[in-house]
Amino acid sequence: MAPHPLQRLASPARTVSALIHLAGIVSFSASFAYLRSFPTPLAESFGGEFQFLTIIGLALALATFAAGLLADLTLSPALFSVKNALAVGAAPLEVLVSVLYWGLCAIDKKLVAPSEFALPFVPDFGFHAMPAIMLTLDLLLLSPPWTIRAYPAMALSTTLAFLYWGWVEYCYSRNGWYPYPLFVLLTTWQRVLLFSFSALLMTGSTMILKWVYGKLNGVEEFKKHPLHSAKTD
């Protein structure tokens, strides 16, 4: 299939595109392997590691790149479309995870994890930076421009934010604890503000990624053909 005119590199393709998607899959799979090698008590509770937004985002990133690699190997337009659709949610979500995680760590690492569960730098980077980096590369180099606008992006971000909050509260009702120490410090209304801010931040991430894409690859122009009036003698 012919790539979009604004797409920087050919994709789906069995060359650079496949290598980038394979590299992402290896990185994300290594992070999941780390979870199996170094389990925590939370893994045995209801919801397991999927109580963490980080792991939900990682799973979505893995699914996105798996669809991308399958599209590369089969040259399937349908799988390429699936990859692009997943990326519209996965890329801004992973940018959100990175911004929130490293921002909170800069304030106090104990807000995101107890000291005894602190990660070494390499797996920490793999969980909280590599997905955002790889998905951003996929967008800028291997994807057509996103068509999502601000209001749909806000609707998607708000839906995901409050679905996650509902999931966290349900897990709390089963386990008696929250996955992130920060949640314990906040009142219900403060959590409303936190998840509302997260939805705004994810929406902003979507718009910023679109803006960067436009700066790097150009912006699609929709030209109107001028109306020519009929000549009269």
Side-chain angles (χ1 to χ4, degrees), residues 1-38 48-50 52-99 101 119 121-148 152-153 156-157 160 163-164 202 205-206 208-210 212-218 220:
M1 59 178 288
H4 190 280
L6 296 182
Q7 196 171 303
R8 183 149 297 256
L9 299 178
S11 184
R14 297 179 182 130
T15 52
V16 176
S17 179
L19 288 175
I20 290 175
H21 289 138
L22 180 60
I25 290 170
V26 170
S27 173
F28 308 153
S29 299
S31 294
F32 277 113
Y34 185 89
L35 292 178
R36 303 282 85 80
S37 300
F38 299 95
E49 290 96 350
F50 286 92
F52 292 99
L53 185 61
T54 297
I55 305 306
I56 294 173
L58 184 66
L60 185 55
L62 181 57
T64 302
F65 269 54
L69 182 60
L70 285 174
D72 291 326
L73 297 178
T74 62
L75 303 180
S76 167
L79 287 171
F80 184 63
S81 296
V82 169
K83 186 270 292 184
N84 292 329
L86 290 172
V88 172
L93 178 60
E94 283 297 354
V95 171
L96 170 68
V97 167
S98 293
V99 170
Y101 179 81
L119 294 170
F121 176 75
V122 171
D124 200 10
F125 193 84
F127 280 112
H128 299 109
M130 280 301 292
I133 292 170
M134 296 304 296
L135 283 160
T136 299
L137 283 176
D138 175 78
L139 169 64
L140 298 180
L141 301 180
L142 307 174
S143 302
W146 287 350
T147 58
I148 191 169
L156 175 62
S157 301
L160 292 176
L163 280 175
Y164 176 65
M202 183 173 168
S205 299
T206 303
I208 290 171
L209 287 170
K210 284 188 64 176
V212 173
Y213 186 101
K215 286 293 183 182
L216 182 66
N217 298 332
E220 203 165 20

I need the [X] [atom1] to [Y] [atom2] distance, nearest 0.5 Å.
| X | Y | atom1 | atom2 | value |
| --- | --- | --- | --- | --- |
| Phe127 | Phe28 | CZ | CZ | 12.0 Å |
| Ile20 | Ile25 | CD1 | CD1 | 12.0 Å |
| Leu156 | Met202 | CG | CE | 5.0 Å |
| Gln7 | Leu140 | CD | CG | 11.5 Å |
| Asn84 | Leu79 | CG | CG | 11.0 Å |
| Phe65 | Leu60 | CZ | CG | 11.0 Å |

Problem - Whether Asp138 side chain and Met134 backbone form a donor-acceptor pair below 3.5 Å - result: no

Practice task
Check whether any side-chain N or O of Lys83 sits under 3.5 Å from a backbone N or O of Ser143 as a donor-acceptor pair, and report yes or no.
Solution key: no

Going by heavy atoms in the side chains, are [X] and [Y] under 4.5 Å from each other?
| X | Y | value |
| --- | --- | --- |
| Thr206 | Val95 | no |
| Leu119 | Phe125 | no |
| Ile55 | Leu35 | yes |

Exercise for the section: Hey, could you give me each pair passing side-chain hydrogen bond (donor to acceptor under 3.5 Å, both in side chains) that has a residue in residues 24-35? Not counting sequence neighbours. Expected result: none

Exercise for the section: Would you please name every residue forming a salt bridge (Lys or Arg N to Asp or Glu O under 4.0 Å) with Asp72, sequence neighbours left out? Expected result: none

Fill in the blank from the handout: residues 128-147 vs ring-ring contact (aromatic ring centres under 6.0 Å, His included), sequence neighbours excluded, gives Tyr101-His128

Practice task
Show your reasoning for whether side chain to side chain contact (heavy atoms under 4.5 Å, CB included) applies to Phe52 and Leu58.
Solution key: CA-CA 10 Å; Phe52 292 99; Leu58 184 66; over 6 Å; no

